[in-house]
Amino acid sequence: MSDPLNPVVARSNSGAREMQIRFDGKTVVVSGAGHGFGRCIAETFAGLGARVFGCDLVAAELAETAKAGVDRVEQATGGAVDVLVNNAGGVAGQEMRPIEQVPDSDWDQIFAVNIGAAFTLSRAAAAGMKRARAGRIVNISSGAGLAASLTGIQAYCSAKHAVVGLTRQLALELGPFGITVNSVAPGFMRSNPASEKQWEGYGEDGQKALIERIAMRRLGTAQDIANAVVFFASDLAGFVNGQVLAVDGGK
């Protein structure tokens, strides 16, 4: 098995050509990089030669924070962001409650963290990518963006569906500028404190049942998600646009 932090090499049958997936000289911005998927994605790109800028966003004054962050990156590198990974998201510490018990503020908070962050960072990076006539945006959605959520949290499921919608719409809008927009949709993975709490809540029987619903009979890892992001960001996916890749072991 190859080391995910080393170049991925593909050779033709003749051995005359080889291709390496590298990001030397490329600027990569990863939101929600403090832990879980985001940290692994940032570390993977760094291992492949990229200049990586990680950030964590809060809901308050999100638009101003996103624009300022991208401006600083462009000033530091002297060019546009090459790859934007909108990974920030989550359930904001919330748990499932009947819909009649969910206040507007909790609904709004989850939307701000998930779809709001993806929208504002994409908006902030788009101008520079358009000038460069190139760019990659990869949105981390979820299996909850393709079906009902295992969390049972209405806002989370709805926000992740919105991330998928934003992906498809921006792919159409930005494609003429050489910018691709795609999404990685992880299945359930034990990648952060919230997912660990969810896993523990299933109990032994629930955990076993969840794994048995996965064709590969195991949970995925943060590296599985990072690998999918690297594919979308690479030249291999140069004509892949507006797509959602479920990384869930098969169901």
Output a table of donor-acceptor pairs, distance under 3.5 Å, between side-chain atoms of residues 202-215 and any protein atom two or more places apart or on a different chain; print 'none' if there are none.
from   : atom 1 : to     : atom 2 : distance (Å)
Tyr202 : OH     : Gln198 : NE2    : 2.7
Gln207 : NE2    : Trp199 : O      : 3.0

With sequence neighbours excluded, what pairs up with [X] under the salt bridge (Lys or Arg N to Asp or Glu O under 4.0 Å) test?
X: Asp24; answer: Arg22
X: Arg168; answer: none
X: Arg218; answer: Asp224

Which pairs with one or both residues in residues 227-251 pass ring-ring contact (aromatic ring centres under 6.0 Å, His included), sequence neighbours excluded?
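Sorted result for residues 227-251: empty, none.
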Qualifying ring-ring contact (aromatic ring centres under 6.0 Å, His included) pairs, either residue in residues 86-133, two or more places apart
Trp107-Phe111
Main-chain N/O of Gly135 paired with Asp82 side-chain donor or acceptor, under 3.5 Å:
no
Would you confirm whether Gln243, through its side chain, and Asn241, through its main-chain N or O, come within 3.5 Å as a donor-acceptor pair?
yes
Can you confirm whether the side chains of Asp71 and Gln75 place a donor and an acceptor under 3.5 Å from each other?
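No, because no side-chain N or O of Asp71 sits under 3.5 Å from a partner of the opposite role on Gln75.
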Got a sec, which pairs hit salt bridge (Lys or Arg N to Asp or Glu O under 4.0 Å) with one end in residues 104-121, sequence neighbours left out?
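Residue pairs with at least one partner in residues 104-121: Arg97-Asp106.
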Can you pull out every salt bridge (Lys or Arg N to Asp or Glu O under 4.0 Å) where at least one residue sits in residues 180-198? Sequence neighbours excluded, please.
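Only Glu95-Lys197, Arg190-Glu196 qualify under salt bridge (Lys or Arg N to Asp or Glu O under 4.0 Å).
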Test of understanding: with side-chain hydrogen bond (donor to acceptor under 3.5 Å, both in side chains), list the residues that count as partners of Ser191, not counting sequence neighbours.
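Once residues adjacent in sequence are excluded, Ser191 has no partner under the side-chain hydrogen bond (donor to acceptor under 3.5 Å, both in side chains) criterion.
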Sequence neighbours excluded, which residues qualify as side-chain hydrogen bond (donor to acceptor under 3.5 Å, both in side chains) partners of Arg39?
none
Partners of Phe23 by ring pair (Phe, Tyr, Trp, His ring centres under 6.0 Å), sequence neighbours excluded?
Phe45
The complete set of side-chain hydrogen bond (donor to acceptor under 3.5 Å, both in side chains) pairs with one or both residues in residues 128-139, sequence neighbours excluded, reads Asn86-Asn139, Asn139-Thr167
